[in-house]
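What follows is a set of notes on a single structure, which appears directly below.
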Amino acid sequence: MPRRQARMGPVVAAAVLSAVAAAAAPRKGKPPEPVFQTSDRCLACHNGLKTASGEEVSIGFDWRASMMANSSRDPYWQAGVRREVMDHPAARGLIEDECAICHMPMARFEAHRAGHEGRIFALLPFDPTDRMSALAADGVSCTLCHQITGERLGTRESFVGGFVIDTERPRGDRHIYGRLKVEPGLSRIMRSSTGGFAPVESEHIRRSELCATCHTLITHALGPDGKVIGELPEQMPYQEWLHSAWRQRKSCQDCHMPAARQAPISSVLGQVRPEISRHVFVGGNFFMLRMLNRFRRELGVAALPQEFESAALRTAAFLEQETARLSIDGVERHGRRLEITLKLENLSGHKLPTAYPSRRVWLRLAVRDAAGAIVFESGALEPDGSIRGNDNDADPRRYEPHFAEITRPDEVQIYESIMEDASGIPTTGLLSAVRYAKDNRLLPLGFDKAAAPGEIAVVGEAAADVDFGGGGDRIGYRVDPGAARGPFTVEAELWYQPISYRWAENLRAYDADQTRRFGRYWTEMRHASAVRLARVAAQIP
């Protein structure tokens, strides 16, 4: 059976592309048999589902308002790919091929079976009458995830879209893996309605290693001629989880596909199950869900407005309730000076934030005097989506260090990863980045930073900060309120932004349809680009 290879640079990829395609393609003279069906073949039977208490838990409705369903419509991703192609025109074909691995996986897989590279822009705008375009439009869809076998899951070669799909089974007997057993009668109905997919119970569908196939990404930096000059662990949430205490507690699916109690998985003769996994894929991108909804006509989304808004509200609630805890660990007054210690706890099973490096979490701390006037503030969010005092938002060639103590308003504690290119300059170009200059994202419980492998290492000042470790961080603020009079009120907040100001603004330098479109979207919505994760307050006499 054909296997996807671990991600490689363009020079190597070009050499093996024909071999991969030859292994996947059928005998000469016969067109490859379709491996996938679009989601419309599944939704009829997997919608209209309710729990015993009446809660709507339809698999199709949940999925179509998720980032999984809209991975190929994501306007920020499309703009980002266009930027990479403009930066590295000599490698255009291979950039599109690699960027399609996890955002247009079905179309890309079928392209390889036919012996050519995956394409992105040639399939836009989406055309439902064209099979490849329709597969691309369906994003990360039902017959993609549920056809992935358990073969080599968790190995390095499975990462960067290196999943295995059995292409040798005849069309009438293709396996669709699920966590629940399906009775023979219902299995026959499904085989008939889907054109030959047979449900098979398998535990591997519940393992984090399945998610890791696309959510572990290693990028290769390219030089001016398109040749590889370096490598970067772009996204490593699985490895972060594996290096934490959470590996013994919960899987990716446990958190991101929460269980619904007493519900069927099918509207056709579906029996009530003790629990089913909801296909909400709740994560961190509330902002993009709202962007997809607001510009739904231009982007051609399928989910209804209320479905997108429900998904965005669910995501915001998840972020506010499940990701972090903030507390004031101490407040003291020494003469005129105020000393405040904050404690942060990462409640998630990976770094916070994790995955795509445009994401950041930061602290806002404000001190008010007896009249309510602010006498000190660090980390204020501006209406344009920037953070006041953040060096990187003000100047793309600089960035904020990690702080153990903050004494000035223009010092901001930002938990983020900052990439740099071969010349040591900060960059938001994934295929220009060769290393991290900073990675002080909050570590999950049980994460030993001293023993962490290089691909998930702490980078920068946080590596030597004894108060920064597995489970969170502790940071001090020393504030001189000047002539202001107390009692003083301390307000501390933890904020999160999925697309940082600098990552959005850097795209403005590129003159293309996709970058201009995202720039317009960003300008209209950046005032709502962040959410508050936690808030605490205290008084100092």
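Once rounded to the nearest 0.5 Å, the distance linking CG of Leu180 with CD of Glu201 reads 7.0 Å. Rounding to the nearest 0.5 Å gives a distance of 7.5 Å between CG of Leu299 and CD of Gln78. For the atom pair Glu240 CD and Arg247 CZ, the distance stands at 14.0 Å (nearest 0.5 Å). The structure places CG of Leu186 at 12.5 Å from NZ of Lys181, a figure rounded to the nearest 0.5 Å. The structure places CZ of Arg108 at 11.5 Å from CG of Leu144, a figure rounded to the nearest 0.5 Å. Considering OG of Ser71 and CG of Asp74, their distance stands at 8.0 Å, rounded to 0.5 Å.
The ring-ring contact (aromatic ring centres under 6.0 Å, His included) with Tyr76 is formed by just one residue from the set Phe518, Trp503, Tyr521; it is Phe518.
Across every non-hydrogen atom of Ala91 and Leu222, the tightest pair is CB-CD1, 3.8 Å. Between Val57 and Ala260, the closest heavy-atom pair is CG1-CB, 3.8 Å. Closest of all the heavy-atom pairs between Glu231 and His220 is OE1-NE2, 3.1 Å. In terms of heavy atoms, Pro75 sits closest to Leu292 at CD-CD2, 4.1 Å. Closest heavy-atom contact between Cys214 and Cys102: SG-SG, 2.5 Å. Arg169 approaches Asp173 most closely through the heavy-atom pair NH1-OD2, 3.1 Å.
Taking the centre and axis of the six-membered ring of Phe121, the NZ or CZ atom of Arg82 falls inside the cone set by 45° and 6.0 Å.
Side-chain contact of Thr515 with Arg83: a donor-acceptor pair under 3.5 Å is absent, judged by distance alone. Glu209 and Tyr238 are linked by a side-chain donor-acceptor pair at a separation below 3.5 angstrom, with hydrogens and angles left out of the test. Side-chain contact of Asp473 with Tyr415: a donor-acceptor pair under 3.5 Å is present, judged by distance alone. Under 3.5 Å, the side chains of Arg360 and Gln497 contain a donor-acceptor pair of N or O atoms. With hydrogens and angles left out, the side-chain atoms of Thr428 and Asn506 include a donor and acceptor closer than 3.5 Å. Looking only at atom types and distance, the side chain of Asp421 has no donor-acceptor partner in the side chain of Ser432 under 3.5 Å away.
When side chains are defined from C-beta on, Leu443 counts as touching Val458, because their heavy atoms get closer than 4.5 Å. Between Glu400 and Asn392 the shortest side-chain heavy-atom distance does not fall below 4.5 Å. Inter-residue side-chain proximity for Asp97 and His112 is flagged as met; some heavy-atom pair is nearer than 4.5 Å. Using a 4.5 Å heavy-atom cutoff, the side chains of Val434 and Leu232 are not in contact. Side-chain contact between Leu363 and Leu326 is present, with at least one heavy-atom pair separated by less than 4.5 Å. Residues Trp241 and Ile456 form no side-chain contact, since every pair of their non-hydrogen atoms from C-beta on lies 4.5 Å or further apart. Taking the side chain as every heavy atom from C-beta outward, His88 and Ile95 approach each other to under 4.5 Å. Side-chain contact between Met419 and Leu430: present, with at least one pair of heavy atoms (C-beta onward) separated by less than 4.5 Å.
Without hydrogens or angle criteria, Arg273 side chain to Ile265 main chain gives no donor-acceptor distance under 3.5 Å. The closest donor-acceptor contact from the side chain of Arg174 to the backbone of Asp166 lies under 3.5 Å. The main-chain N or O of Arg73 is never found under 3.5 Å from a side-chain atom of Asn70 such that the two would form a donor-acceptor pair. Proximity of a side-chain donor or acceptor of Ser500 to a complementary backbone N or O of Ser358 within less than 3.5 Å is detected. With hydrogens and angles disregarded, a donor-acceptor distance shorter than 3.5 Å links the side chain of Glu110 to the backbone of Val35. Remark: side-chain polar atoms of Ser158 are not paired, donor with acceptor, to backbone N or O of Phe163 under 3.5 angstrom. With hydrogens and angles disregarded, a donor-acceptor distance shorter than 3.5 Å links the side chain of Arg41 to the backbone of Ser193. Side-chain atoms of Ser66 come within 3.5 Å of backbone N or O of Met68 as a donor-acceptor pair. The closest donor-acceptor contact from the side chain of Arg532 to the backbone of Glu320 lies at 3.5 Å or more, if one exists at all. Of the possible donor and acceptor atoms, none in the side chain of Thr354 sits under 3.5 Å from a partner among the backbone N and O of His350.
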| task | Mind running side chain to side chain contact (heavy atoms under 4.5 Å, CB included) on Ser310 and Leu313 for me, showing each step along the way? | result | CA-CA 5 Å; Ser310 177; Leu313 289 171; 5.8 Å; no

| field | Working for side chain to side chain contact (heavy atoms under 4.5 Å, CB included), residues Val361 and Leu494 | value | CA-CA 7 Å; Val361 165; Leu494 187 66; 3.3 Å; yes

| Should Phe318 and Arg314 be marked as a side chain to side chain contact (heavy atoms under 4.5 Å, CB included) after you check the CA-CA gap, both sets of side-chain angles, and the distance that decides it? | CA-CA 6 Å; Phe318 176 76; Arg314 184 187 301 116; 5.6 Å; no

| field | Worked check of side-chain hydrogen bond (donor to acceptor under 3.5 Å, both in side chains) between Ser277 and Gln253 | value | CA-CA 8 Å; Ser277 294; Gln253 294 89 328; over 6 Å; no

| task | For the pair Ile499 and Met288, evaluate side chain to side chain contact (heavy atoms under 4.5 Å, CB included) and give the outcome as yes or no after the intermediate values. | result | CA-CA 9 Å; Ile499 301 177; Met288 186 51 61; 4.0 Å; yes

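Salt bridge present: Arg92 and Glu96 bring a charged side-chain N and a carboxylate O closer than 4.0 Å. A salt bridge links Glu307 to Arg64: at least one charged side-chain nitrogen sits closer than 4.0 Å to a carboxylate oxygen. Between Glu55 and Arg278 there is a salt bridge, since a side-chain N of the basic residue sits under 4.0 Å from a carboxylate O of the acidic one. Salt bridge present: Glu345 and Arg325 bring a charged side-chain N and a carboxylate O closer than 4.0 Å.
Aromatic rings from Phe447 and His243 are positioned such that their centres are separated by under 6.0 Å. Remark: aromatic rings of His103 and Trp77 are close, center separation under 6.0 Å.
Atom NZ of Lys449 is surrounded by more than 12 heavy atoms from other residues, nucleotides or ligands within 6.0 Å.
Sorted by first and then second residue, the side chain to side chain donor-acceptor pair (under 3.5 Å) pairs with a member in residues 434-448 read Lys351-Asp439, His402-Asn440, Glu416-Lys438, Glu420-Arg435, Asp439-Arg441; sequence neighbours excluded.
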